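Because the structure is predicted, anything quoted here is derived from the model rather than measured.
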Amino acid sequence: MSRKGLASWSEKVGALRWPIRRISRGNFVFWLLGINVLLSAVDWWAFGRLNLTLNLGFRFESVQHYDAIPVWRTLLEIMLNLLLAALATARLHDASYSARWLIALVGLAIASAFPFASALAAIALLGWIAIFFLPPSIGPNRYGPDPRGWRSREQFEQQQRDLAEQSKR
């Protein structure tokens, strides 16, 4: 693929851009899987272990096993958790929700560490999974332009009508 072709592909897909304002579901999954593959590769290279679990939320392995994990691995985990928080925030912004919802989910996950509060972890997990399935707002919202390219709800509806007419022919 030529350099120009790669640039136009990344503009269409948005997979190589930093998720600043809004991110679509597909790009959210792309980045989430990329983070998991990166951390698994680092664990394989540094410790000789293969970790195939999908990290849907935040990893706190370094906190749980602080005496067995080197400092550089803890810093990497913190950095990737911050990236996950940025991704989740951008996904919430795509659905016109504030990042306050993410703060609530992280608060529930932290509170689940207390005795008799393990049900809060299940609620936090359901909330995190719900981020995958939130319907996007069509057109620009207060967090930025639509990552799928629609300039307005009217343009989206017109495109849907045009596609319906084409399918009737």
How far apart are the closest heavy atoms of S167 and A164, and which atoms are they?
-> OG-O, 2.8 Å
Same apolar cluster (I L V M F W Y, side chains within < 4.5 Å links), I103/L126 = no
Please report the closest heavy-atom contact between L134 and A95, naming both atoms and the distance.
-> CB-CB, 3.8 Å
Verify side-chain contact (heavy atoms from CB on, under 4.5 Å) between T89 and Y97, making sure each step is shown before the conclusion.
-> CA-CA 9 Å; T89 300; Y97 289 103; over 6 Å; no
Please, which pairs that meet salt bridge (charged side-chain N to carboxylate O under 4.0 Å, His left out) have at least one residue in residues 84-97, sequence neighbours excluded?
-> R22-D94, R91-D94, D94-R148
I123: partners by side chain to side chain contact (heavy atoms under 4.5 Å, CB included), with sequence neighbours left out = L108, L120
Measure the shortest side-chain to side-chain distance between H93 and S137 over non-hydrogen atoms and say whether it is less than 4.5 angstrom.
-> no
Quick one: are S96 and R142 in side-chain contact, heavy atoms under 4.5 Å?
-> no
For atom CH2 of W45, decide whether the heavy atoms of other residues, nucleotides or ligands shown that lie under 6.0 angstrom number more than 12.
-> no
Hits for side-chain hydrogen bond (donor to acceptor under 3.5 Å, both in side chains) against R161, two or more places apart or cross-chain, chain-then-number order -> Q158
Interatomic distance, CD1@I131 vs CG@L92, rounded to 0.5 Å, equals 4.5 Å
What distance do I35 atom CD1 and L83 atom CG have between them, rounded to the nearest 0.5 Å?
-> 3.5 Å
Please collect all salt bridge (charged side-chain N to carboxylate O under 4.0 Å, His left out) contacts where either partner lies in residues 115-129, sequence neighbours excluded, each pair once.
-> none
Of all residues at least two apart in sequence or in a different chain, which pass the side-chain hydrogen bond (donor to acceptor under 3.5 Å, both in side chains) check with S98?
-> none
Looking at side-chain heavy atoms only, is the closest gap between W72 and V42 below 4.5 Å?
-> yes
I78: partners by side chain to side chain contact (heavy atoms under 4.5 Å, CB included), with sequence neighbours left out = T74, L82
In terms of hydrophobic clustering (I, L, V, M, F, W, Y; side-chain heavy atoms under 4.5 Å; direct or indirect links), are L80 and V37 co-clustered?
-> no
If you round to the nearest 0.5 Å, how far is CG of N36 from CH2 of W31?
-> 13.5 Å
Is there a side-chain contact between N27 and S24, using heavy atoms and a 4.5 Å cut-off?
-> yes
From L76 atom CG to N81 atom CG, the distance as rounded to the nearest 0.5 Å = 9.5 Å
